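Following: one structure in C-alpha cells, then a few remarks.
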Amino acid sequence: MTEGNNDKKVTDRLLHGLNPQQAEAVRHDQGPLLILAGAGSGKTRVITHRVAWLVRVLDVRPSAILAITFTNKAASEMKSRIEDLIGSVSQYMWIGTFHAMMMRILRRYADRIGYDRSFAIIDSDDQQKVVKSCLADLNLDEKTFAVKAVHSQISAAKNALIDVGAYESQAGSDFFRSRVAQVYRCYQAKLKKNNSMDFDDILVEAVRLLESQPDVLAEYQERFQYVLVDEYQDTNHAQYRLVRLLSERHGNLCVVGDDDQSIYSFRGANIQNILDFEKDFKRCKVIKLEQNYRSTGNVLKAANAVIRHNQGRKKKSLWTQSDDGEMITFLRAEDQNEEGRYIAREIERQVSRLGRKTYRDFAVLYRLNALSRSVEQALREQGIPYRIYGGTRFYDRKEIKDILAYLRLVVMPDDNLSLERVINVPRRGIGSATTDMLAALAERDGVSQMAVCQNATRYPELQRAASRLTAFASLISQLGAGLDSEDKTLDQYLDWMENETGLIQELLDQQQRIVSGDALDRIENLKELLSDAVEFENQVQRLAAPDETLPPEERALVPANLRETVRAFLERAALYTEMDQDKDQDDVVRLLTIHSAKGLEFDTVFIVGAEEGLFPGYRSMGSQIEFEEERRLAYVAMTRARRKLHITATRSRLLFGQTQRYVVSPFVREIPDEHVDEIGGSREGERSMPWSETSQSLPGRPPIPAARSPLADAAAYMAPKPAQKAASVHFSVGDKVEHPKFGIGRILMAEPVAGDAILQVEFKGVGTKRMLAKMAGLTRLGG
DNA sequence: GGGTGTACGATTTTT
DNA sequence: TCGTACACCC
C-alpha cells in the first residue's frame, strides 16, 4: 500500500465512520473484488469513497476509472457524491449506465463494424413496429407469433449474445423457433438498413466491436485501470462479457451487488454472474457488508427469516445495532376497499392526528401496477396527497415522440421509421395506401423514403399524392434550414418546430372538439420539453466553457452548433428517461411497484396485495427459480422500511373486472410470530394446495393466537375530506384580455392546467379562439 | 382516407 | 375493468 506517502488527513476523511468491512472495501487495491452488500449496508458510501480513495490516495488518474450503473438516476447520484468528495476532477471519470458508456465507444468506432457513426437508437415502440413489419413480410400470422413474444425472444437472444446464425442453428427444425429465427434475421437487416440499433444492440455491437478490433480493445483496456460495476446481480450475459473484456488488462474489477436483491431475471439478468464471480475471477477478494443501517430489528429479522428460505444464495445475515422498534402490522382485509381505507386512515392518523410524520414518510408498494387503483381511490377520498411512480415515461409520450421523430428526420432524413411516424401527423391526407407504396418504392430503388418523397412527381405510382409528399419533404428541408440559421437556441428551435409542423395547432383543434383534457396535457408536455431543452443547452454550455479542459476525444463530442446540439439532445432523449429530479421533495405519499422501489427507503412502508397468486404471481408458482425470485422481491419490499412495516392482504379482491378469493401469501407466513401483530384475521387459516416450498420450511409452527383488534372499528374511518381546490390562475371568465395577434377579446371559459390555463376567448372581428394563456402571450386588461 | 366501434388482453422495467 | 389496436364502414 502506498497510502503512507499521502496526506493522513485525506485517508482519515475517506475512512471516517466506516465499519471494518466497509473500510477494507475502500482500501482494496489490486485484483478483483466482490462486495456483497446487503440491503441498507451503506453500499453507495463504500463505492463513492472507494473511487475517491483511488484518486486521492492511490493517485489513479480519474480518466482511468470506469464506473457502471444500471440507471441514469444511480449514475447521477454517484457522480455528484464523488464530486462532493474529490471535486471537479471527477468529470474525467467515465460514470454512467452500460448503454451510455458503450455509446461513447460506438460513436467513435461504429464504422469499424459496418454502421454509420451517426446511427440512431430506436425505442421499444419502434422495435415492435419493426417486428410487426417483419412478420408481415414473412407472412407469419400475428395470432401464432405474437409480436411481444417474438420480440422478447429476439431480445433474450441478444442479451445472451446469440446472433442470428447461432439462433438459427439452435432452433433447428423447431416450428416456432425456426420462424423466430427468420424474423430475427429480417429484424436485424431492417435495423441495419435504417442505420439503427436497438437498446440490446448497443451492448451486443459493443462486444462485437471490442472482440473484432484488437486496437480498439487495447485502447480501452489500457485506459481503464479500475472498473466498478454496481448492482452486479442484475447484469446479463452481454454486460458480463463487456465487464470482462474491459477489465482484463489491469484486472482491477470491483463489483458490488446483493444476490438476494436480484429481481430482474425477466429482462435477462443472470444471477449466476454474481454467484460465480469467485470462480470466474481467480484470486478474488470477497467482502460482505452485513451491518444494516436502515431498518429496525423487527423489520430486519423478519426480512432475514423470509429470504433464508431461498436455496440458491450466498449465505449472509444482516444485523443491526438499532433496537427492535415497532412490530410489523399484518392486516387481513375483507376486500381492496377495506385495505385502501386502512392505509388512508393510518397515514392520516400519523400525519394529522399525531403530527408525528409527514406524507413523504410513507410509501405503498405493490407487485402489480393494477393494485394502485384502489389505494389511490382511498387516498383521494381522504384528501391525502400522493404520487404514482412509474407509468408512462416522459419521453415515451406520443406527442413527445412525434416531435423527436421530426427532429430526427431533420438531422437524419433517411430515417424511415421516423418518417413513417410523422408523415401523417398532423393529418396531411397521406393514408396507408400512399405510405405502403412509398415504402415499396423506396425498397425497390434502394433509397430512403424521404428521397422518394422529394421526387414524388417522378413516380407514376404516386400521382395522386405527389403534391402532398413533396410538400412534406419541403417542410422537412425547411425545418433543416431553420436548424442551420444559427440564430436560435434549442428551445426556440423546438418551439418554432412545434408550430411549424402544425402539431400544436392540431392539439388545440382537438381540444376544441373533444371535451377531455387530454390535448391540454399534451400541450403541457410539449412545453415541458422546451424547459428540458433549456436545461440541456445550459449543460452543453457549461461543458463547452473555455476554461474546462476535457480530454480531446471527449471534447470532440461536445456539440458546437445547433445541429450537433440537436443530435446530442436526441441521444439523451433515447437513453435518459427520467425527468423528475426536483420532484423528490414533494410532501406526498409515494405509490410504486416493488421493482421500482429497489434502492429507495421510507420511514413507513405498506406492502399491499400479499396474496398467493398475486404475490407470488401465479405464473411463478410452477418453478422453483421463479418462485425464489418472487421471494427476493418480498425481501426487497420489506427492507425498504426504516421504522414501520405494514403488510396487507385481502380475502377477496376485484381485479381486472373479476372478484376472486385469495389466500395469504406464503411469504407472509414465513415471518416469525414474534415480529408480527395481526389485525382482521390471521396469516394462517385457509390454505390452498399444500405448498411444497413452504410446508417444508415451517416445521411445527405453533398455532397463531386469535386476532386482537378487528377492523370492525369502522367508526375510526374518518369522513372523506373535500378535495383540495386547484390553484387559482389569474385569468377568469369575463376578463378582458389582449392578444398580440388577435387584439382585444373577452374570456368565455377558463380551465386551469398545471401552472397555466386553457382559455376560450372571443375576439372582436376574429371569432372565438382557444389557447393557453401564457403560451399565447395574453395580457389581462381587467374585468 | 378518416372516423368509429369492438374485441381482446392484462406481471415486474431500464436502456 | 379499462385501455388500445385493428377491422370495418362511410
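All values below were derived from every heavy atom in this structure, side-chain atoms included, with hydrogens, water molecules and symmetry-related copies excluded. Bear in mind that the values here come from a model prediction, so they are computed numbers and not experimental data. Naming: A, B, ... by sequence-line order, numbering from 1 per chain.
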Nearest-nucleotide wise, let me know which of G617(A) and A574(A) is further upstream toward the 5' end of DNA chain B.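 Per heavy-atom nearest nucleotide, the more 5' residue is G617(A).
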
If each of L633(A) and Q127(A) is mapped to the nucleotide of DNA chain B with the nearest heavy atom, which maps nearer the 5' terminus, i.e. the 5' end?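 Closest to the 5' end, via its nearest nucleotide, is L633(A).
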
Checking all strands, does [X] fall into the base, sugar-phosphate, or nothing category for heavy-atom contacts under 4.0 angstrom?
| X | result |
| --- | --- |
| F70(A) | sugar-phosphate |
| G657(A) | base |
| D234(A) | nothing |
| A370(A) | nothing |
| S620(A) | nothing |

So which nucleotide from [options] ends up closest to the side chain of [X]?
| X | options | value |
| --- | --- | --- |
| K132(A) | dT15(B), dA5(C), dT12(B) | dA5(C) |
| E630(A) | dT11(B), dG1(B), dT15(B) | dT11(B) |
| R267(A) | dT14(B), dT15(B), dG2(B) | dT14(B) |
| F199(A) | dT15(B), dT13(B), dG1(B) | dT15(B) |
| T71(A) | dT15(B), dC6(C), dT12(B) | dT15(B) |
| E626(A) | dT11(B), dC6(C), dT15(B) | dT11(B) |
| R619(A) | dT11(B), dC6(C), dT12(B) | dT11(B) |
| R468(A) | dG1(B), dG2(B), dT13(B) | dG1(B) |
| T434(A) | dT12(B), dG3(B), dG1(B) | dG1(B) |
| N369(A) | dT12(B), dA5(C), dG3(B) | dT12(B) |

Could you tell me how far apart [X] ([atom1]) and [N] ([atom2]) are, to the nearest whole angstrom?
| X | N | atom1 | atom2 | answer |
| --- | --- | --- | --- | --- |
| N236(A) | dT13(B) | CG | P | 18 Å |
| E142(A) | dC8(B) | CD | P | 15 Å |
| D230(A) | dT14(B) | CG | C1' | 14 Å |
| M103(A) | dT15(B) | CE | C1' | 11 Å |
| E612(A) | dT11(B) | CD | P | 20 Å |
| R572(A) | dT14(B) | CZ | C1' | 16 Å |
| K148(A) | dT4(C) | NZ | P | 14 Å |
| E506(A) | dG3(B) | CD | C1' | 13 Å |

Looking at [Y] and [X], is any side-chain nitrogen of the basic one under 4.0 Å from a carboxylate oxygen of the acidic one?
| X | Y | result |
| --- | --- | --- |
| E376(A) | R373(A) | no |
| K401(A) | D123(A) | yes |
| E630(A) | R367(A) | yes |

With centres under 5.5 Å and planes under 30° as the test, does Y264(A) stack with dT14(B)?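 Y264(A) ring does not meet the centre or angle cut-off for dT14(B); no stack.
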
Is there a side-chain polar atom (N or O) of [X] under 4.0 Å from OP1 or OP2 of [N]?
| X | N | answer |
| --- | --- | --- |
| K143(A) | dA5(C) | no |
| N424(A) | dG1(B) | no |
| T593(A) | dT13(B) | yes |
| R427(A) | dG3(B) | yes |

Is dT12(B) in the syn or the anti form, by the rule that syn lies within 90° of 0?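 Here dT12(B) takes the anti form, which means its glycosidic angle is more than 90° from 0.
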
[X]-[Y] side chain donor-acceptor pair, cut-off 3.5 Å:
| X | Y | result |
| --- | --- | --- |
| Y187(A) | D198(A) | yes |
| T650(A) | E338(A) | no |
| Y635(A) | R631(A) | no |
| R104(A) | Y220(A) | no |

